[in-house]
Amino acid sequence: MSILKHSKQSFLYFDTTSTILTPGCPLIGEVHLVLARPMQTKKVMVSFEGRVHVGHKSDVVCSMSQVLFADDQAQWLPAGQHRFPFQLELPAKIPATSRIPQGLVEYQLQATASSKSIFSPDVHAVKEMVVLPPPTVPHTLCGKTVAGVLYSASAFCDAHRRIRLLFHLSARSTIRSFRCGLRQSVQWRSSVEHECINYENYPLGWMSPPELDSQSIADTILFVLPSNLPQDSEGHLLDIKYHVVIRMTVDDDTSIITLELPVVIPFHDYPGSPPPEYTPIEPPPTYLQAIHFLPIVPAYAPSCN
């Protein structure tokens, strides 16, 4: 909902196609200026701004504006409703909306109608917007072990925040053990200039796919993510990254093979139908309920080198 600041009975509000945006897509809408009495107007402008806040530091990650009406002579606009359409093109690379204990990434849509008269205050409106990560695609990793065993692995997060995995070994090899974990890497800059803090953990623990044959893993759901797990973010003050980490042994070799597959976690309010009921291949609800009460990151973390 727009936050309206009234000039007596005059006000502004937005009409946008959506409050949920993706990088590289247009933001289309209208600014509605409702005047209780005629106003000598110099300019009507809309702007979109994103900021990263960490401690007492704030960094602008995205800023754009569009003038919708301008008159050097300050034209009198009559009482009533005035509509100003706008379209802003979002950059292809901006961090997603995020909120964790170390900081937050937020976006706002703002509009201002500037009055010529000092006795008639400007009229403002502010609306919170949400930016999702770009659409996720499976990241595929192909290679071979030291022993020459060929493998291919794909991992991605679907629209319902479920981590899915596909894995295959070459025909003459056999999987002996297979464990997966979702690694969360958080980096942020403290209020002290140039001080960088890193932390890594596995907030959902480790698991073994229940449907595991000797050579492959079909499209299997590894984790159903709780809502308090933040999505990816990439900025000057705050970075959040995720990887599916696989540790396995093959054939008679006891050495552990480690694979890392990057995944993008979408915003937890992603539009769409809710995920289906739990099935035997998904983690049990009691496990996820327990995860909800665990902190995502510790209160203190060591400084990076």
Side-chain angles (χ1 to χ4, degrees), residues 1-100 102-132 191 233 235-238 267 269 271:
M1 177 179 292
S2 300
I3 301 174
L4 306 178
K5 300 181 180 179
H6 294 263
S7 170
K8 295 185 177 178
Q9 295 179 358
S10 299
F11 61 93
L12 276 169
Y13 69 94
F14 297 99
D15 182 11
T16 56
T17 53
S18 176
T19 58
I20 300 177
L21 311 170
T22 54
C25 293
L27 170 55
I28 302 173
E30 288 185 335
V31 172
H32 294 248
L33 173 61
V34 181
L35 297 176
R37 58 187 56 83
M39 175 179 174
Q40 198 171 8
T41 310
K42 295 187 298 183
K43 183 189 298 184
V44 177
M45 186 174 70
V46 65
S47 63
F48 179 80
E49 183 178 86
R51 284 184 171 271
V52 177
H53 304 276
V54 175
H56 301 294
K57 298 178 69 176
S58 180
D59 191 24
V60 176
V61 295
C62 174
S63 181
M64 60 187 66
S65 62
Q66 183 179 353
V67 176
L68 308 179
F69 170 85
D71 189 332
D72 294 336
Q73 303 302 316
Q75 176 182 336
W76 282 94
L77 294 180
Q81 182 169 251
H82 303 269
R83 300 167 63 180
F84 302 93
F86 67 88
Q87 178 170 332
L88 299 171
E89 299 291 335
L90 271 62
K93 292 185 177 181
I94 52 176
T97 300
S98 183
R99 186 181 298 271
I100 62 173
Q102 287 69 38
L104 62 93
V105 181
E106 63 177 359
Y107 293 88
Q108 287 186 339
L109 182 64
Q110 305 180 39
T112 302
S114 303
S115 172
K116 181 181 180 180
S117 173
I118 60 173
F119 300 104
S120 178
D122 297 344
V123 187
H124 305 279
V126 180
K127 189 174 188 177
E128 299 294 330
M129 308 296 284
V130 171
V131 174
L132 299 174
S191 56
S233 180
H236 174 66
L237 297 178
L238 179 68
F267 191 75
D269 286 336

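Note: hydrogens, waters and symmetry copies are ignored here, and every other heavy atom, side chains too, is used. Nothing fancy with the numbering, it's 1 onward along the sequence.
Across all their heavy atoms, Lys116 and Ala74 have their closest contact at CD-CB, 3.5 Å. Across all their heavy atoms, Asp122 and Ser115 have their closest contact at OD1-N, 2.8 Å. Between Leu238 and Leu104, the shortest heavy-atom distance links the atoms CD2-N, 4.3 Å. For the residue pair Leu68 and Pro85, the shortest heavy atom distance occurs at CD2-O, 3.6 Å.
Atoms OH and CG, on Tyr107 and Leu90 in that order, are 8.0 Å from each other to the nearest 0.5 Å. Annotation: the span from Phe86 atom CZ to Ser65 atom OG amounts to 12.0 Å, rounded to 0.5 Å. Atom CE of residue Met129 and atom CG of residue Leu27 lie 5.0 Å apart, to the nearest 0.5 angstrom. Phe48 CZ to Gln108 CD: the interatomic distance, rounded to the nearest 0.5 Å, is 10.0 Å. Atoms CZ and NZ, from Arg51 and Lys57 in turn, are 13.5 Å apart once rounded to the nearest 0.5 Å. To the nearest 0.5 angstrom, Thr19 atom OG1 is 10.5 Å from Leu109 atom CG.
Counting only heavy atoms from C-beta outward, the side chains of Met45 and Ser114 never approach each other to under 4.5 Å. For the pair Leu33/Phe69, no side-chain contact is recorded, criterion being any heavy-atom separation below 4.5 Å from C-beta on. No side-chain heavy atom of His82 sits less than 4.5 Å from a side-chain heavy atom of Thr41.
Results of the side chain to side chain contact (heavy atoms under 4.5 Å, CB included) test with Val131 over Cys62, Pro23, Cys25 single out Pro23 as the only residue that passes.
Counting only distance, with no hydrogens or angles, the side chain of Gln66 and the backbone of Gln87 share a donor-acceptor pair below 3.5 Å. Of the possible donor and acceptor atoms, none in the side chain of Asp71 sits under 3.5 Å from a partner among the backbone N and O of Lys42. With Ser10 contributing its side chain and Ala36 its backbone, the two residues share a donor-acceptor pair below 3.5 Å.
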Begin with the C-alpha distance, continue with both residues' side-chain angles, and end with the deciding distance and a verdict on side chain to side chain contact (heavy atoms under 4.5 Å, CB included) for Thr16 and Lys127.
CA-CA 10 Å; Thr16 56; Lys127 189 174 188 177; 3.1 Å; yes
